[in-house]
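Have a look at the structure below, then the notes.
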Amino acid sequence: MAYCSIAIDGPSGAGKSSMAKAIAAKYSFIYVDTGAIYRTVGLAAHRRGISCSDEAAVSKILPELNIEMKYDGQGEQRMYLDGEDVSSDIRLPEISICASDVSALPAVRAFLLEMQRSMARTNNVIMDGRDIGTVVLPDADVKIFLTASSAERARRRLLQLMEKGINEDYEKVLREIEYRDQQDSNRDIAPLKPADDAVIVDTSELDIDGTIAVLSSIIEERLDLN
Ligand code: DC
């Protein structure tokens, strides 16, 4: 049986995960948050006191890491590191930076590629990340590149953190977003960029329902769901 795949790429804070979750629920697809996998590697390096941009040191720990992705009863993706549920810890701001740092390392990207592809071989997936349409699933049925201004993305990220009880300063969140944009877009391997056949959607002026409506019409047209 052939499975359908939807790739959503874009910079941090563009609304990829909220959109992918909503779309997954609407069309009964499995949502795969690939950033969470990079975050788990970043957390593992951080916990070992290793510099997240030290390729030799990070490569050395990869074979000993037991990273698992599981879905709970509500269909929420949970990340496990050596048997421990680290789904909250990987969201800490310092781990965002570690995730971006380790994600620039070719050894890390190669290590995580198969884990991501195997999900799409056995499920209808909507997968979000930076290189899903370009590298992980180049044959995805639908490719969307979701973006928004950095100021708007920082505002949204701040709200998200507040909902989780984490209080942060706007300027700090904006700087972190701009650091990650710069690094994720300019790395040599699998940089953040739209696939040639991706539809680019700017959400700066759209609310959640408006964005869902735009994405739904793209998906329904591409998957011939009408
Ligand atoms: O989506 P996120 O903010 O949780 O991702 C964390 C970091 O992981 C991000 O700065 C870049 C990296 N990443 C990546 O390089 N490729 C992906 N497919 C997903 C995330």
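Whatever order the structure lists ligands and atoms in, that order sets their numbers, starting from 1. Nothing fancy with the numbering, it's 1 onward along the sequence. All values below come from the heavy atoms of this structure, side chains included, with hydrogens, waters and symmetry mates left out.
Contact annotation for R180 and ligand 1: only side-chain heavy atoms (C-beta onward) come within less than 4.0 Å of the ligand. Contacts between Q183 and ligand 1, counted as non-hydrogen atom pairs separated by less than 4.0 Å, are absent for every part of the residue.
Among all non-hydrogen protein atoms, the one lying nearest atom 19 (C) of ligand 1 is T34 OG1, 3.3 Å. Scanning the protein for heavy atoms near atom 8 (O) of ligand 1, the closest one is Y38 CB, 3.6 Å. Atom 1 (O) of ligand 1 has as its closest protein heavy atom R130 NH1, 2.9 Å. Looking only at heavy atoms of the protein, atom 16 (N) of ligand 1 is closest to R109 NH2, 3.0 Å. Counting only heavy atoms of the protein, atom 20 (C) of ligand 1 lies nearest to G35 CA, 3.6 Å.
R156 has a carboxylate O that lies under 4.0 Å from a charged side-chain N of E152, or vice versa, which qualifies the two as a salt bridge. Ion pairing of D9 with R130 is absent here, as no side-chain N (NZ or NE/NH1/NH2) approaches a carboxylate O to less than 4.0 Å. The pair D89-R47 meets the salt-bridge criterion, since a charged nitrogen lies less than 4.0 angstrom from a carboxylate oxygen. At a threshold of 4.0 Å, the pair E176-R180 counts as salt-bridged, since one of the basic side-chain nitrogens sits closer than that to a carboxylate oxygen. A salt bridge links E64 with R48; the closest basic N to acidic carboxylate O contact falls under 4.0 Å. A salt bridge links D131 to R109: one of the charged nitrogens lies within less than 4.0 Å of a carboxylate oxygen. For the pair K70 and E76, the salt-bridge criterion is not met [side-chain N within less than 4.0 Å of a carboxylate O].
For ligand 1, the polar-atom distance check against R39 finds a nitrogen or oxygen pair separated by under 3.5 Å. Note: no N/O pair closer than 3.5 Å links S12 and ligand 1 by distance alone.
Per-residue contacts place A99 under 4.0 angstrom from the following atoms of ligand 1 (heavy atoms of the residue considered): 6 (C), 7 (C). Taking every heavy atom of G129 and a limit of under 4.0 angstrom, the matching atoms of ligand 1 come to 17 (C), 18 (N), 19 (C).
Just one residue in the list L146, I177, L192 forms a side chain to side chain contact (heavy atoms under 4.5 Å, CB included) with P11, and that residue is L192.
Under a 4.0 Å heavy-atom criterion, R187 is in contact with ligand 1.
Residues I126 and V32 are not in side-chain contact: their nearest non-hydrogen atoms beyond the backbone lie 4.5 Å or more apart.
Nearest-heavy-atom check against atom 18 (N) of ligand 1 across D131, D9, D101 picks out D131. Nearest residue to atom 11 (C) of ligand 1 from V108, I97, I90, D184 is D184 (criterion: closest heavy atom).
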